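Just so you know, these numbers come straight off a predicted model, no measurement behind them.
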Amino acid sequence: PSYWGALKQQSLKADILLSLFLFIFLVKGVVNVLLTTPLWVVNTRLKLQGAKFRNEDIVPTNYRGIIDAFHQIIRDEGISALWNGTFPSLLLVFNPAIQFMFYEGLKRQLLKKRMKLSSLDVFIIGAVAKAIATTLTYPMQTVQSVLRFGRHRLNPENRTLGSLRNILYLLHQRVRRFGILGLYKGLEAKLLQTVLTAALMFLVYEKLTAATFTVMGLKRAHTH
């Protein structure tokens with residue numbers, strides 16, 4: 001009984017630590033988005049400057065550098081345009097929470113069938129959880145890039161994109177032109193970039209958690 005009680009107590013502590021970690025991560029993510037979005041907007045526009053677009057709705061830009069880009073954006077579109085893409089970026093902050101939710105769910109399902117998970121089990125469910133989270137949030141990443149570029153005419157009014165209320169319009173336009181799969185263009189590269197990293201992260205996370213509880217157990221044993 002004491003063994004199972006200690007095990008449940010450790011599991012409860014792990015859940016509390018995980019919840020605290022996720023909360024801190026989300027707050028950090030929100031602050032990071034609000035502070036760095038103007039830099040990402042300018043960075044995206046400078047990178048795409050001079051590129052040839054098949055989409056006639058996209059307005060070409062001509063910036064002489066970072067300072068000039070900031071100046072032109074504020075002058076022509078207003079200071080709020082520096083935060084284009086903020087809403088989808090804030091939604092993307094929940095990507096880690098989604099992957100942890102699926103990871104914990106898959107882990108608990110496996111633990112019903114076996115006493116302990118192997119390193120391979122952790123690696124695989126970590127990869128699957130990240131793949132699911134990335135697939136669910138990827139359309140927002142597509143919209144985020146378009147909003148950051150910003151220079152996009154909205155038909156039929158022929159207005160220039162400058163507010164977050166047009167997210168649904170952009171999603172609709174992409175689906176209309178390319179179909180549902182158009183929302184997932186480039187997903188393969190994104191999965192290759194993130195899934196392996198996340199799987200290794202979960203593996204390290206489980207090893208560190210196990211080591212921490214082992215040390216805590218040893219210290220408790222020495223104090224009694």
Side-chain angles (χ1 to χ4, degrees), residues 1-33 36 40 88-145 171 179-224:
S2 59
Y3 169 77
W4 289 110
L7 195 63
K8 286 182 180 179
Q9 192 175 15
Q10 284 189 353
S11 179
L12 179 62
K13 286 181 179 179
D15 288 341
I16 293 172
L17 285 172
L18 180 60
S19 300
L20 182 61
F21 168 76
L22 285 174
F23 176 74
I24 294 171
F25 193 91
L26 289 174
V27 171
K28 179 187 76 70
V30 170
V31 173
N32 180 62
V33 165
T36 63
W40 279 109
S89 296
L90 289 173
L91 291 179
L92 289 170
V93 168
F94 288 94
N95 182 289
I98 294 171
Q99 76 180 51
F100 266 102
M101 180 183 72
F102 278 101
Y103 174 79
E104 286 297 320
L106 291 169
K107 186 174 79 170
R108 284 174 183 174
Q109 288 300 315
L110 278 177
L111 285 173
K112 288 178 181 178
K113 301 175 181 178
R114 61 192 76 177
M115 289 293 295
K116 187 179 178 182
L117 297 182
S118 67
S119 296
L120 181 61
D121 291 331
V122 172
F123 186 88
I124 291 174
I125 63 176
V128 170
K130 184 60 178 180
I132 294 171
T134 300
T135 302
L136 289 175
T137 59
Y138 191 76
M140 281 295 105
Q141 294 187 39
T142 303
V143 171
Q144 178 193 58
S145 299
L171 288 171
I180 292 293
L181 293 179
L183 296 175
Y184 294 94
K185 280 192 172 183
L187 177 62
E188 302 92 338
K190 189 66 178 178
L191 287 174
L192 287 173
Q193 174 195 345
T194 59
V195 167
L196 181 60
T197 303
L200 290 171
M201 182 201 73
F202 278 115
L203 187 57
V204 172
Y205 163 76
E206 289 292 349
K207 296 293 183 184
L208 288 176
T209 302
T212 301
F213 283 130
T214 299
V215 171
M216 288 171 61
L218 287 173
K219 285 185 177 179
R220 191 177 292 110
H222 283 301
T223 56
H224 287 292

- Task: Give, for atom CG of Leu26 and atom CG of Asn32, the distance between the pair rounded to the nearest 0.5 Å.
- Result: 12.5 Å
- From CG (Leu110) to CG (Leu117), nearest 0.5 Å: 5.5 Å
- What residue pairs, at least two apart or across chains, pass salt bridge (Lys or Arg N to Asp or Glu O under 4.0 Å) with a residue in residues 116-132? Arg114-Asp121
- Message: Testing the basics here: between Val195 and Ala127, what is the closest heavy-atom pair and its distance to 0.1 Å?
- Response: CG1-CB, 3.5 Å
- With sequence neighbours excluded, tell me which residues meet side-chain contact (heavy atoms from CB on, under 4.5 Å) with Pro139. Leu171, Leu183, Tyr184
- Any side-chain heavy-atom pair of Leu136 and Ile132 under 4.5 Å: yes
- Message: I'd like to check the side chain to side chain donor-acceptor pair (under 3.5 Å) partners of Lys28; sequence neighbours left out, ordered by chain and number.
- Response: none
- Query: Residues two or more places apart in sequence or in another chain: which of them pass side-chain contact (heavy atoms from CB on, under 4.5 Å) with Leu106?
  - Reply: Ile125, Val128
- Note on the structure: Closest non-hydrogen atoms of Val93 and Val33, given as atom of the first, atom of the second and distance, are CG2-CG2, 3.8 Å
- Query: How would you list, by chain and number, every residue that makes a side-chain contact (heavy atoms from CB on, under 4.5 Å) with Lys190, sequence neighbours excluded?
  - Reply: Thr134, Tyr138, Gln141, Gln193, Thr194
- Point-to-point distance, once rounded to the nearest 0.5 Å, from CZ of Arg108 to CG of Leu111: 9.0 Å
- side-chain contact (heavy atoms from CB on, under 4.5 Å) partners for Leu120, two or more places apart: Ser118, Ile124
- Query: Of all residues at least two apart in sequence or in a different chain, which pass the side chain to side chain donor-acceptor pair (under 3.5 Å) check with Glu206?
  - Reply: Tyr103, Lys107
- Item | Atom of Ala198, atom of Gln99 and distance for their closest heavy-atom approach | CB-NE2, 4.4 Å
- Task: Output, in order, the C-alpha distance, side-chain angles, deciding distance and verdict of side chain to side chain contact (heavy atoms under 4.5 Å, CB included) for Val204 and Leu200.
- Result: CA-CA 6 Å; Val204 172; Leu200 290 171; 5.5 Å; no
